[in-house]
Amino acid sequence: MTIKEFARLCGCNPQTLRYYDHVDLLKPVKVDQWSGYRYYDEEQALAFVKIKNLQKAGFTIEEIKELLDKDNLVIYKAFDAKIAEEEKRLQEIKAIQKSYQTEMTDMKKKLETMRDMIKESMEAYDPTEEFGIDRDAYSQMIENVNVFFESMISRSDDSDFEYSEYSESDESVEEPEYVNLLNNPDYEIVYEKHGWSFVKEFFSEFSTLDEGQDYALEFLLSQSKGNHTAFANTVLGMLLNCNPKSPDYKRSLSCNTSDSKDGQNHFWLLKRK
């Protein structure tokens, strides 16, 4: 019978049969070499039922191929195994459902702790000499950081802006891509400065950032700098003020600060390729 007649017998679309032929599940008994028409035997309808039900049950194409020539006893055992697999997965999902709210609450607490730590660190920091900004502007920057964290804590979806700082002195953070950022093939160096005394000397040289790009700042600081947390967040806050967020873009900034081994100050601005 033709593919249309066989599809009518099986209660399916001819396209389904063409797909089964393509993946070598149910080949026609004959293909006319001139017209390309596919022809099937009535007995192949039983193979179709087997394929359709195994596919609906979630078996892969390769699993179905292995079961096609097996008798019904083997097929039923395969269904039993699939049911056991799905029941186990269902129990896992139920467990995830139960832990979801607890983990959300715990994460909000961690964000609150991080916010308080950053805010306290920044309040104890004087940015005047390093960054050349007055106390009023700095107070507003601290408030912006606080608002940013409050926004993250209060909403359940993803933030429109990614903002992070990392210091090697923070043992609770382990981000290898930051530690080895200069050797990361996914990033390219777009600006660098070495042997400087204060960020205010060269901030204007790298402060303009392209919208929609991911940037990373890498600082190696002399021991006199101290308070890496406040330093990093001040740099990020200044960049945010210089580069207002457009509603159509998701901008990502990260800042890594660590101690310099040569006693000099070094800086690299990197952009994701």
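When reading the values below, keep in mind they use all heavy atoms of this one structure, side chains included, and skip hydrogens, waters and symmetry mates. Everything numeric in this text was worked out from a predicted model, so none of it was measured.
Residue Lys273 places its NZ atom among more than 12 non-hydrogen atoms of other residues, nucleotides or ligands, all under 6.0 Å distant. Open room surrounds CD on Glu43; 12 or fewer heavy atoms of other groups in view lie less than 6.0 Å from it. More than 12 heavy atoms of other residues, nucleotides or ligands shown are found within 6.0 angstrom of CD on Glu201. Residue Met1 places its CE atom among more than 12 non-hydrogen atoms of other residues, nucleotides or ligands, all under 6.0 Å distant. Annotation for Lys77: atom NZ does not count as buried by contact number, only 12 or fewer foreign heavy atoms lying within 6.0 Å. Around atom CD of Gln223, no more than 12 heavy atoms belonging to other residues, nucleotides or ligands sit under 6.0 Å away.
Of all the heavy atoms in Met238 and Ile133, the pair that sits closest is CE-CG2, 4.3 Å. The shortest non-hydrogen separation linking Thr257 to Ala232 is CG2-CB, 3.9 Å. When all heavy atoms of Ser258 and His228 are compared, the pair lying nearest together is C-CE1, 3.7 Å. Considering all non-hydrogen atoms of both residues, Asp41 and Phe6 come closest at O-CE1, 3.5 Å. Of all heavy-atom pairs between Ser222 and Gly263, the closest is CB-O, 3.4 Å. Of all heavy-atom pairs spanning Leu67 and Val74, the tightest one is CD2-CG1, 4.0 Å.
Checked by atom type, the side-chain pair Asp136/Gln140 shows no donor-acceptor distance below 3.5 Å. Remark: the Glu192 side chain and the His194 side chain contain an N/O donor-acceptor pair separated by less than 3.5 Å. Inspection of the Tyr20 and Gln55 side chains reveals an N or O donor paired with an N or O acceptor under 3.5 Å.
In terms of modelled atom types and a separation under 3.5 Å, the side chain of Thr16 and the main chain of Cys12 share no donor-acceptor contact. Between the side chain of Ser121 and the backbone N or O of Met117, no donor-acceptor pair lies under 3.5 Å. Under the 3.5 Å distance criterion, the side-chain polar atoms of Asp32 are matched with a main-chain donor or acceptor of Ser35. Remark: side-chain polar atoms of Tyr215 are not paired, donor with acceptor, to backbone N or O of Cys255 under 3.5 angstrom. Judged purely by atom type and a 3.5 angstrom limit, Glu63 uses its side chain to pair as donor or acceptor with the backbone of Thr60. Formation of a donor-acceptor pair under 3.5 Å by the Glu130 side chain with backbone atoms of Val199 is found in this model. Of the possible polar contacts, none joining the Lys82 side chain to the Leu54 backbone as a donor-acceptor pair under 3.5 Å is found. Panel note: side chain Asp134, backbone Ala137; a donor-acceptor pair is recorded below 3.5 Å. Checking side-chain atoms of Tyr37 against main-chain N and O of Lys30 turns up no donor-acceptor pair under 3.5 Å. A donor-acceptor pair under 3.5 Å is absent between the side-chain atoms of Lys119 and the main chain of Val145, judged by distance alone.
Geometrically, Lys271 does not engage Tyr187 in a cation-pi contact defined by less than 6.0 Å to the ring centre and at most 45° from the axis. Geometrically, Lys200 engages Phe198 in a cation-pi contact defined by less than 6.0 Å to the ring centre and at most 45° from the axis.
Ring geometry for Trp196 against Phe219 counts as perpendicular: the plane angle is over 60°, on a 0 to 90° scale with 30° as the lower cut.
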message: Could you walk me through whether Lys225 and Asn227 satisfy the side-chain contact (heavy atoms from CB on, under 4.5 Å) test, starting with their C-alpha distance in whole Å, then the side-chain angles of each, then the deciding distance to 0.1 Å, before giving a yes or no?
response: CA-CA 7 Å; Lys225 294 299 179 184; Asn227 202 336; over 6 Å; no
Next item on the list: In sequence, state the C-alpha distance, the side-chain angles, and the governing distance for Glu86 and Leu90, and then conclude on side-chain contact (heavy atoms from CB on, under 4.5 Å).
Entry: CA-CA 6 Å; Glu86 294 298 322; Leu90 179 60; over 6 Å; no
Between Tyr40 and Phe48, is the ring pair (Phe, Tyr, Trp, His ring centres under 6.0 Å) condition met? List the steps.
CA-CA 11 Å; Tyr40 294 82; Phe48 173 84; 9.5 Å; no
Margin query: Show, in sequence, the C-alpha distance, side-chain angles and deciding distance for Tyr138 and Thr128, and conclude whether the side-chain contact (heavy atoms from CB on, under 4.5 Å) test is met.
Written below: CA-CA 9 Å; Tyr138 189 59; Thr128 306; over 6 Å; no
Notebook entry, point to check: When you look at Phe149 and Asp116, which way does the side-chain contact (heavy atoms from CB on, under 4.5 Å) test go after all the steps?
Noted result: CA-CA 10 Å; Phe149 275 95; Asp116 295 342; over 6 Å; no
Inset, instruction - Could you walk me through whether Phe202 and Phe267 pass the ring pair (Phe, Tyr, Trp, His ring centres under 6.0 Å) test, one step at a time? - result: CA-CA 10 Å; Phe202 62 97; Phe267 169 69; 5.8 Å; yes
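Classification of Asp21 and Lys27 as a salt-bridged pair holds, one side-chain N sitting under 4.0 Å from a carboxylate O. Residues Lys65 and Glu62 are paired through a salt bridge, judged by an N-O separation under 4.0 Å between the basic side chain and the carboxylate. With respect to the salt-bridge test (charged N to carboxylate O, under 4.0 angstrom), the residues Glu92 and Arg89 qualify.
The same ILVMFWY cluster, assembled from side-chain heavy atoms under 4.5 Å apart, contains both Leu17 and Tyr19. Two different hydrophobic clusters hold Phe59 and Ile83 under the rule that ILVMFWY side chains link at heavy-atom gaps under 4.5 Å. In terms of hydrophobic clustering, with Ile, Leu, Val, Met, Phe, Trp and Tyr side chains grouped at heavy-atom distances under 4.5 Å, Leu25 and Val31 are assigned to different clusters. Following chains of ILVMFWY side-chain contacts shorter than 4.5 Å, one cannot reach Val49 starting from Leu68, and the two form parts of different hydrophobic clusters. Note: the hydrophobic cluster containing Leu26 does not contain Val29 (ILVMFWY, side chain heavy atoms under 4.5 Å, direct or indirect links).
Within the 4.5 Å cutoff, side-chain heavy atoms of Phe131 are placed close to those of Val235. Between Asp24 and Ile61, the closest side-chain pair of non-hydrogen atoms is not below 4.5 Å.
Between the CD atom in Gln44 and the NZ atom in Lys50 there is a gap of 13.0 Å [rounded to 0.5 Å]. Rounding to the nearest 0.5 Å places CG of Leu269 at 9.5 Å from CD1 of Ile189. Taken from CG in Asp80 to CD1 in Ile75, the straight-line distance is 11.5 Å, to the nearest 0.5 Å. To the nearest 0.5 angstrom, Leu270 atom CG is 11.5 Å from Asp186 atom CG. The distance from the CG atom of Leu236 to the CE atom of Met141 is 10.0 Å, given to the nearest 0.5 Å. Remark: Leu239 CG to Thr208 OG1 distance equals 9.5 Å, nearest 0.5 Å.
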